[in-house]
Amino acid sequence: MQKLVVIGAGMASGRMLEHLFEAAPGAWDVTLFNAEPRGNYNRIMLSPVLSGEKSYAEIVTHDEAWYDTHGVTCRFGEKVVGIDRDRKVVIGEQGEVAYDKLVIATGSNPFIIPLPGHDLDGVIAYRDLDDTNRMIEAARPGARAVVIGGGLLGLEAAAGLRLRGMDVTVVHIMGHLMERQLDEAAGYLLRRALTDRGIEVCCSANSKEILGEDGKLRALKLDDGTELPCDLLVMAVGIRPSVALAKEAGLETGRGIQVDAQMLTSDPDILSLGECVEFDGQIFGLVAPLYDQAKVAAQTLTGEASEYIPREVSTKLKVTGCDLFSAGDFAEGEGREDIVFRDPARGVYKRLVLEGDRVIGAVMYGDVADGNWFYGLIKGGTDISEMRETLIFGPAFQGGASVDPMAAVAALPADAEICGCNGVCKGQIVAAIEAGATSLDAIKATTKASASCGTCSGLVEQVLAVTLGDDFVLPTAKPICACTDHPHEDVRRLIKAKELKSQPAVMQELGWKTPNGCHVCRPALNYYLLADWPLEYQDDPQSRFVNERNHANIQKDGTYSVMPRMWGGMTTPEELLAIAEAAKKYDATVKVTGGQRIDLLGIKKEDLPHIWADLNAAGMVSGHAYTKGLRTVKTCVGTDWCRFGTQDSTGLGIKLEKRLWGSWTPHKFKMAVTGCPRNCAEATCKDLGVVCVDSGFEISVGGAAGMELKETEPLAKVATEQEVIDISVAFLQLYRESANYLDRPYKWIAKTGGLEWIIAQVVDDLENRAALIERFDISQSVYQKDPWAERATPHYERAWSPLADLTKEAAE
Amino acid sequence: MSWIDIGALDDIPVQGARVIKTKMGCVAVFRTADDAVFALSDRCPHKGGPLSEGIVHGHKVTCPLHNWVFSLETGEAQGADEGQVPTYDLRVESGRLLIDASKLAAQSAA
């Protein structure tokens, strides 16, 4: 076996290893060094991790098992200190490794502007997972961030931090944003979109100095004297190929490590690829050319003839709601012509740059559906003279006017590129579909299309739809209902980002297709608005399901059930007498429930205010048995009575119920506290359960005992009752703030990618826990009110009675 | 036609309903977001759910029991469901609600 040493476990070298193991399994004994203490992950997806839309686990491309299977010796977290080319060894911090072939894939370093104060605590670059995690840690709602750099990375960082609730200002030295990818007009639209979501943008702004106090960051000072106060400063101004190691080893370097078309450096036993190389005077920062290089490098290693040819690249910004696309060369110049399309109302801008009869550049904002088609024309050097007049309208308008949205994709030739990152063409996807890959995930697995930045997943789905016809069912991101194209996640995010505080505002701004929604979207919107803006939004009873509007459970015959709260399942003889009297007076059927309460069934609507007044008079309040909100806290008798009890489970249950009652949640929320692991209160199938043990309390979440049966998963183990209460409040509030309407916690947890993120938010990060509790208390100041007491009034007695009784009118 | 005053428009919440008792059973009186009013039998033809307790959207109402959707204008079930709810003539005059009792009476006579 030949010995191969790879320095750097990034996306380029990772892809090269994939090709190598596929072409020559077992031929190489590979040692992989990585300065980061982890293997290869999809760096492009750090932005969704930053914004909270994805977790780290979701972006790992090679896990331990993969390295294991291919016999790779991983030396992660270990820096390489030198290369001895005479002896053919790589010198790591922990010792030497001999090589037959060496691949240098050291990537790039973020460029830190040497401003005074750049070494202050709070100034960071945006390059790897550690940077991302540092930003997430710093991103407290209300804290202020400044991002220097209005390029791709800087804007993704800004959008992510904004979604995490920070006040964000972008400082950009050039006259418009993303000047390398966008022209001025598109830059303006992008700037407006970012401003709309609350991100401040300063262009033509020169940073002068970073100001600090006691070694900690305080503000950024511009050269016009403006001071921008900040708690976090992110520098995203560019990257420099990391060449130090290669240079020291005596390899030829310019801006990057110089390689030829076979990816060989000036030493024929050493290859290099990725962001650290320079080829033909070019350096590289986007993933598509890196993957091409990976393929060539693998072929060079296996002795196959191959040649790297740089190609045109296209760019998309991964900020939800900002659609932009650019490709090719769009500078103005002699002999170049523009075709421009603008629709100010929709915020759409498209510009094509022509030279002779060929398209050489394209910039699009707002509607980027045709981007890949134009990109194909650019790459192919297609003669467009025949379709010049309708060119800007895209492929759907070439050769007959079809308005079918699928037509654009159907019209693409087999060699049209769909996935720019991985260089996957339509033909390959169609072949994969015909071979049985009939879902997006299957396509990802078999072709890698949409497996990197993911922005082409919509196109891949359209290829699926065109190829499979009616057999294709769109799997993800279903809209809430037919009134909108937005899924729940987008609506929640946009309500916050755009500060939409009323239903008409949401429906107008997000383009609802019906005048006032329907029975599916209105309850969801009503919940999202009251959860996000408890002080500003006025709850709308007409957008609530009947049970929540009438504060009782409707039964199949149109009567209602009434259930008073029994704190922690405890009651008294006096309460029981009052319940018995009410049951007789209103002719109720009496049922003991599984939640340790008593249900009175068969109450007429017009009697509701009366029975509530009677039960209120005996000191009882609504049990909210009808709500998407806190239901019961089931308890056992604990140390009060039980010979096995380890803690006061009843007392703790009552404290929890008194703290949490009245809050609205995305779906119903059931709890239990049980006094010992015998679990008489069945705490391990609740949305949140507490099991008392001798040393304290075990909190677990995400159980279910309905249509699905699920055991809870451990959230935290704590020593005091106060910690149980704090963590429960914080968990409930996080659920309130981020779950989709009608998702029980176990579904929500699955969608967030597991408990890891939630534990970080409510258990580990004490400051964040406190902030969640504070927001919960603000909401409780409005919503922790007994709805019975508010409605046991003459007004409701009237409003809930028939408007008129015509049975007494004489027949005509 | 014989118009009977059954109450004030403002007695009905916007996007809500009230019921009136008649010899034919309860009739739901709806008020939509654009202040149009409709009177329909308060009984869903599916399982008898009280339509007056449904969510009102556009000129439609969704039955609270099993989410059947009905046109308030025609009483017809929407979408894949099939069914028809009797409708009654209703109008607003100087803020008062007037229902045509002749149909109620005619039915009771029948």
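Remember, predicted model here, so these are calculated numbers, not experimental data. Quick note on labels: first sequence line is chain A, next is B, and so on, each numbered from 1.
- Taken from CG in A:L806 to CE in B:M24, the straight-line distance is 12.5 Å, to the nearest 0.5 Å.
- In terms of heavy-atom pairs under 4.5 Å with chain B, the best-connected choice from A:G517, A:G558, A:C483, A:S543 is A:G517.
- Chain B forms more heavy-atom pairs under 4.5 Å with one residue of A:R798, A:K605, A:Q555 than with any other, namely A:K605.
- Heavy atoms of B:L65 lying under 4.5 Å from chain A belong exclusively to its side chain.
- Contacts between A:D557 and chain B at a heavy-atom distance below 4.5 Å are absent for every atom of the residue.
- Neither the backbone nor the side chain of B:V61 has a heavy atom closer than 4.5 Å to any heavy atom of chain A.
- With a 4.5 Å cut-off on non-hydrogen atoms, A:I554 touches chain B through its side chain but not through its backbone.
- Heavy atoms from other residues, nucleotides or ligands lying under 6.0 Å from CD of B:Q84 number more than 12.
- Atom NZ of B:K47 has 12 or fewer heavy atoms from other residues, nucleotides or ligands within 6.0 Å.
- Residues A:P515 and B:G58 approach most closely at CG-CA, 4.4 Å, considering heavy atoms.
- Environment of NZ in A:K628: crowded, with over 12 heavy atoms of neighbouring residues, nucleotides or ligands closer than 6.0 Å.
- Rounded to the nearest 0.5 Å, atoms NE2 (B:H57) and SG (A:C521) are 8.5 Å apart.
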_Check against side chain to side chain contact (heavy atoms under 4.5 Å, CB included), A:R549 and B:E53_ = CA-CA 9 Å; A:R549 186 174 349 108; B:E53 297 292 358; 3.1 Å; yes

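- Here A:F545 contributes atom CZ and B:T62 contributes atom OG1; the two are 10.5 Å apart, rounded to the nearest 0.5 Å.
- The most heavy-atom pairs under 4.5 Å with chain A, out of B:I6, B:D5, B:T32, B:I12, come from B:I6.
- Proximity to chain B is limited to the side chain of A:P523, based on heavy atoms less than 4.5 angstrom apart.
- Of the possible polar contacts, one joining the A:R522 side chain to the B:V56 backbone as a donor-acceptor pair under 3.5 Å is found.
- For A:Q508, the CD atom is loosely surrounded, since the number of other residues' heavy atoms within 6.0 Å does not exceed 12.
- Under a cut-off of 6.0 angstrom, the local environment of NZ in A:K501 is crowded, with over 12 non-hydrogen atoms contributed by other residues, nucleotides or ligands.
- More than 12 non-hydrogen atoms from other residues, nucleotides or ligands lie less than 6.0 angstrom from NZ of A:K513.
- Looking at B:Q15, its side chain never comes within 3.5 Å of a backbone N or O of A:Q542 through a donor-acceptor pair.
- Of the atoms belonging to B:P64, heavy atoms from both backbone and side chain fall under 4.5 Å from chain A.
- For B:V19, the parts lying near chain A are the backbone and the side chain together; criterion is any non-hydrogen pair under 4.5 Å.
- Most heavy-atom pairs under 4.5 Å with chain B, from the set A:N516, A:D540, A:N550, A:T514: that is A:N516.
- Going from atom CG of A:D805 over to atom NZ of B:K23 covers 10.0 Å, rounded to the nearest 0.5 Å.
- The side-chain heavy atoms of A:L803 and B:L97, taken from C-beta on, include a pair separated by under 4.5 Å.
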